[in-house]
**Q** 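Got a structure here, written out as structure tokens. Questions coming.
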2 protein chains.
Amino acid sequence: MTDRSFHHGNLRLVLLEAAADTLREQGLDGLSLRELARGAGVSHAAPRRHFPDRQALLDALAVDGFERLTGLIVEAGHEDGRPYPQRFAAVARVFVNFATDEAALLELMFTTKSARQVPELDDAAGAFFQAIGTFYASAPGRTGRTSADEQRLRRLLVATLQGIATLAAGGRIDAAEVEQLIEDATAIFA
Amino acid sequence: MTDRSFHHGNLRLVLLEAAADTLREQGLDGLSLRELARGAGVSHAAPRRHFPDRQALLDALAVDGFERLTGLIVEAGHEDGRPYPQRFAAVARVFVNFATDEAALLELMFTTKSARQVPELDDAAGAFFQAIGTFYASAPGRTGRTSADEQRLRRLLVATLQGIATLAAGGRIDAAEVEQLIEDATAIFA
DNA sequence: ACCTGAACACCGTTCAAGT
DNA sequence: ACCTGAACACCGTTCAAGT
């Protein structure tokens, strides 16, 4: 219950939360294992018990990011009573806002560094894709069906949302243009 | 004319080309100013004359990337005689192939690190957007017109291509799925 | 103008040792 | 099991000095 309660097994969680904050506020370059250790009041070698190397920490952050984004998407797509196009636009907005607020994290999530193999990350990404697909299939007249054509359209939808999110996060388009893109995407996909 | 001809002013170019190779083969993490200097047979402080810091080198790489990609896009969109949808698919393929071959570079191009202000990069990105727009306007029946609606569609096109490219470069979809995405995007935009 | 060489303050990673 | 502390081999960046 003291300030050092992380000495009893939750150092991993403490490091992950601090890392997520740093990533949000300082970007990837500002993230140092040694500084995280200092912040947690622990030796610089202690994180190694929980993350074998720096990349393992980044992978864990990406997994958490996918899980959070998936939760947000499911929530936004689930607003019963509202017409489908409105829910569609809400899902798109959630994605884009996430990308803008967590630009560095989005990068970790969608760009696979080198030739690693990280099952947890693949699973988390798969669950995210699945959530988008499930929402998309919930449109009136589409419920239940999962034809090959719809799988393709679902992938195109993910790509489109990803592209809008990246352009928004990268600052290449402004807020008004983002809103227009969401409306146009809604017109096409909803 | 000797091996050390970069001592006469082209060290910048030598560094940029070596950096582009390293970026392609080793990714961003494998890129070190000191190692580039060693490779060029020059002291580790020499690059500083041409690039004030590491980020300046990365910015220069991103500018070059945009210029190369813009050239490829213009070329692919300009194949006279072929019907527009075929040229459209060719443009999309060029973009996606570039993203796959130069994944680390694509990241430098489309994600703005921190709050820098790099006019050359903005210009290069703007020229790229412009090239896509010019090609898009060259479609039969659209030539010359630049309505607000078409600007919006052009932006959506860029976003879609960017999303497909990112998913492909990140290894989240395979080659067959990429080709399907390009076909579906062609069906919508061409 | 352009480059060198030493120096500074950081890293990530490893490993023997402690409790 | 979990953490410490010293050590190693790297970084990026700075700066006086050389030519």
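In what follows, chains carry the letters A, B, and so on, assigned in the order in which the sequence lines appear, proteins first and then strands, with residues in each chain numbered from 1.
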**Q** Could you work out which one of D:dC3, D:dC15, C:dT13 sits closest to the side chain of A:V42?
**A**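 Looking only at heavy atoms from C-beta outward on A:V42, the closest nucleotide is D:dC3.
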
**Q** So, B:Q180 versus B:D184: side-chain donor-acceptor pair below 3.5 Å or not?
**A** no

**Q** Any side-chain N or O of A:R12 under 4.0 Å from OP1/OP2 of D:dA1?
**A** no

**Q** Report the residue (A:L31 or A:R49) whose heavy-atom-nearest nucleotide on DNA chain C is the more 5′ of the two.
**A**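 Counting from the 5' end, the first nearest nucleotide belongs to A:L31.
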
**Q** Between atom CD of B:E107 and atom CG of B:L58, what is the distance when rounded to the nearest 0.5 Å?
**A** 11.0 Å

**Q** Measuring from the side chain of B:H44 (C-beta onward, heavy atoms only), which nucleotide among C:dT4, C:dT14, C:dA7 has the closest atom?
**A** C:dA7

**Q** Can you see if the side chain of B:H50 gets near the phosphate of C:dC2 - specifically, an N or O under 4.0 Å from OP1 or OP2?
**A** no

**Q** Does a nitrogen or oxygen in the side chain of A:S32 sit under 4.0 Å from OP1 or OP2 of C:dG12?
**A** yes

**Q** Does CD in A:Q86 sit with more than 12 non-hydrogen atoms of other residues, nucleotides or ligands closer than 6.0 Å?
**A**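 Counting other residues, nucleotides and ligands, CD of A:Q86 exceeds 12 neighbours.
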
**Q** Would you say B:D53's side chain and B:A56's backbone share a donor-acceptor pair under 3.5 angstrom?
**A**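 Such a contact is found between B:D53 side chain and B:A56 backbone.
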
**Q** For A:R34, answer base if it contacts any base atom (sugar-phosphate contacts may also be present), sugar-phosphate if it contacts only those atoms, and nothing otherwise; contact means non-hydrogen atoms under 4.0 Å.
**A** base

**Q** Just to confirm, is there a sub-4.0 Å distance from OP1 or OP2 of C:dT14 to any side-chain nitrogen or oxygen of A:R48?
**A** yes

